[in-house]
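Chain identifiers are assigned alphabetically (A, B, ...) following the order of the sequence lines, protein sequences preceding nucleic acid strands; residue numbering begins at 1 within each chain.
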2 protein chains.
Amino acid sequence: MQNMERKRADRIADDLEGLIFDGTFADGERLDEVQLASRFSVSRTPIREALQRLAQSGLVEQIPRRGVFVRQPGPVELIEMFEVMAELEAVCAKLAATRISDEALEDLQSTNKRCMATVEASDTDGYYRENQHFHAILYRQSGNRFLEQECLRLQRRLQPFRRIQLRVRGRLKQSMAEHEAIVEAIKEADGEKAATAIRQHVSVQGEKFHHLMASLTIAAE
Amino acid sequence: MQNMERKRADRIADDLEGLIFDGTFADGERLDEVQLASRFSVSRTPIREALQRLAQSGLVEQIPRRGVFVRQPGPVELIEMFEVMAELEAVCAKLAATRISDEALEDLQSTNKRCMATVEASDTDGYYRENQHFHAILYRQSGNRFLEQECLRLQRRLQPFRRIQLRVRGRLKQSMAEHEAIVEAIKEADGEKAATAIRQHVSVQGEKFHHLMASLTIAAE
DNA sequence: AAGTCTATTCTTGTATACAAAATGGCTTGA
DNA sequence: TCAAGCCATTTTGTATACAAGAATAGACTT
């Protein structure tokens with residue numbers, strides 16, 4: 001297992017990430033090192049470490065001798081990231097179709113069942129959790145740990161925007177139908193079919209595009 | 001244009017990256033902060049910044065309260081990374097097939113011509129440069145800047161291993177034929193064909209696999 | 001003699017002090 | 001009145017000092 005002990009800087013980075021995700025820090029806003037230092041009751045050193053981590057993951061932009069600024073992705077970049085996410089997941093599905101283990105396939109189906117239950121119960125948080133697990137299984141079953149890591153990284157980055165999407169009326173039901181198609185394709189070991197199904201599931205097109213844009217203007221106000 | 005002024009820590013990170021790539025620092029070796037500080041004639045602060053950057057890009061592993069250790073990818077991870085690279089480039093090619101501009105297509109063809117010339121002249125460095133440009137055009141012409149960045153990132157990481165591969169006898173000629181097939185498919189705007197061609201070009205299979213493994217054992221001695 | 005406990009030393013993580021560069025405001029001149 | 005240049009303040013980048021956890025070696029016990 002991974003080392004659980006983490007330094008303060010790491011926890012601060014996670015906290016800051018959360019604060020950026022939930023909109024506490026607006027787009028373009030400068031993150032003052034001394035202010036954050038007093039806020040977290042630490043010196044500038046761990047703050048700077050945390051900011052550098054965020055800069056590398058793309059959440060903030062670090063301009064030399066100027067400071068770091070929150071950098072929320074714009075509409076174009078978001079579409080681009082979702083496009084890449086869709087393609088990466090499609091690769092996972094393609095590979096998983098032939099590489100998946102029997103136990104994992106069981107897990108995939110039971111997760112999907114639990115997912116459906118949360119839809120019936122209108123349990124958005126529950127859906128969110130089970131859905132994430134559903135996708136995580138596919139990443140893992142691609143049999144490519146590096147690919148899995150890349151998927152998790154991008155998923156994490158898109159997390160807040162995906163969550164917004166879930167609020168769209170009827171989205172959950174449609175999403176479940178798509179899950180169903182993915183599971184079917186994988187059961188048939190049809191890689192291309194699975195890839196197409198999950199690409200459809202993840203990519204932002206049609207109505208989803210419209211809703212994503214709408215959510216952005218809301219978030220920007 | 002980008003800000004050209006960079007801090008010392010950034011240049012140190014690049015230097016260290018080079019030192020890891022060329023094997024000056026062996027796999028598993030601990031990078032001592034004070035040693036590096038005196039080597040670069042700076043304090044520990046910029047060294048630590050640089051090491052954290054390397055840790056995030058995966059070149060070194062940072063174990064809390066222990067230090068950072070060089071982490072060269074093993075055979076399995078290398079294969080995995082090449083698999084992802086092949087799929088990412090396949091996506092680029094698929095998208096570029098329909099999105100590419102006329103000028104870029106011209107550039108692609110002329111780059112390929114220059115590439116062939118370097119093969120004739122047995123100019124390995126020249127081939128390396130032109131080949132990289134060839135791929136960079138495809139990344140850009142995917143029309144997805146985020147995808148482009150991800151491709152460049154991974155390409156950079158695989159750079160040293162790809163370079164080794166070029167030394168294999170006859171590889172350059174075969175590689176040119178593959179380029180030719182890619183260009184043809186894109187000229188026909190056939191996304192799937194282009195994707196398949198470049199996937200074949202990048203992925204490590206058959207003889208290439210064998211040579212990659214051989215190069216690893218050489219590097220490890 | 002081997003193992004363990006402990007003290008010392010070394011290394012990382014954090015705080016603070018200092019240097020250099022950028023921003024902003026003021027003055028001065030046209 | 002406006003612009004340009006200079007000074008003060010603010011802020012980032014780097015160096016150093018300090019604290020805390022880990023490695024190591026030596027002594028003591030069984």
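Counting any heavy atom pair closer than 4.0 Å across all strands shown, B/R48 reaches a base atom. Among the heavy atoms of the strands lying under 4.0 Å from A/V42 are primed sugar atoms or P, OP1, OP2 only; no base atom is included. Across all strands, A/R44 comes closer than 4.0 Å to base atoms (heavy-atom distances).
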>> Show, in sequence, the C-alpha distance, side-chain angles and deciding distance for A/E89 and A/H135, and conclude whether the side chain to side chain donor-acceptor pair (under 3.5 Å) test is met.
In response: CA-CA 8 Å; A/E89 296 217 21; A/H135 286 269; 2.6 Å; yes
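Atom CZ in A/R30 sits roughly 9 Å away from atom C1' in D/dT10 (whole-Å rounding). For the pair B/F40 CZ and D/dA15 P, the interatomic distance rounds to 13 Å; values are reported in whole Å. Atom CD1 in A/I47 sits roughly 15 Å away from atom C1' in C/dT16 (whole-Å rounding). Atoms NZ (A/K7) and P (C/dT14) sit 6 Å apart, rounded to a whole Å. Between B/Q52 atom CD and D/dT14 atom P the separation is 13 Å, expressed in whole Å. Distance CD1 (A/I63) to P (D/dT11): 16 Å, rounded to an integer number of Å. When rounded to the nearest whole Å, the span between CZ of A/F69 and P of D/dT11 equals 11 Å. Rounded to an integer number of Å, the gap from CG of A/L36 to P of D/dT11 is 12 Å.
The side chain of A/E33 has D/dG13 as its nearest neighbour among C/dT14, D/dA22, D/dG13. Considering only side-chain atoms of A/R65, the nucleotide from C/dT11, C/dT14, C/dA22 that sits closest is C/dA22.
Using a 4.0 Å cut-off, some side-chain N or O of B/S43 falls inside it from OP1 or OP2 of D/dA15. Dashed line: the shortest gap from a side-chain N or O of A/R66 to OP1 or OP2 of D/dT12 is not under 4.0 Å.
Ring pair B/H179/B/H201 is perpendicular by interplanar angle, where above 60° counts as perpendicular and below 30° as parallel.
Rounded to the nearest 0.5 Å, atoms CG (A/D107) and CD (A/Q141) are 8.5 Å apart.
Side-chain contact check for B/Y139 and B/Q149: no donor-acceptor pair (N or O, by modelled atom type) lies under 3.5 Å.
In this structure, the side chain of A/S203 engages the main chain of A/R199 through a donor-acceptor pair within 3.5 Å.
When each of B/T45 and B/L31 is assigned the nucleotide of DNA chain C bearing its nearest heavy atom, the one mapping closer to the 5' terminus is B/L31.
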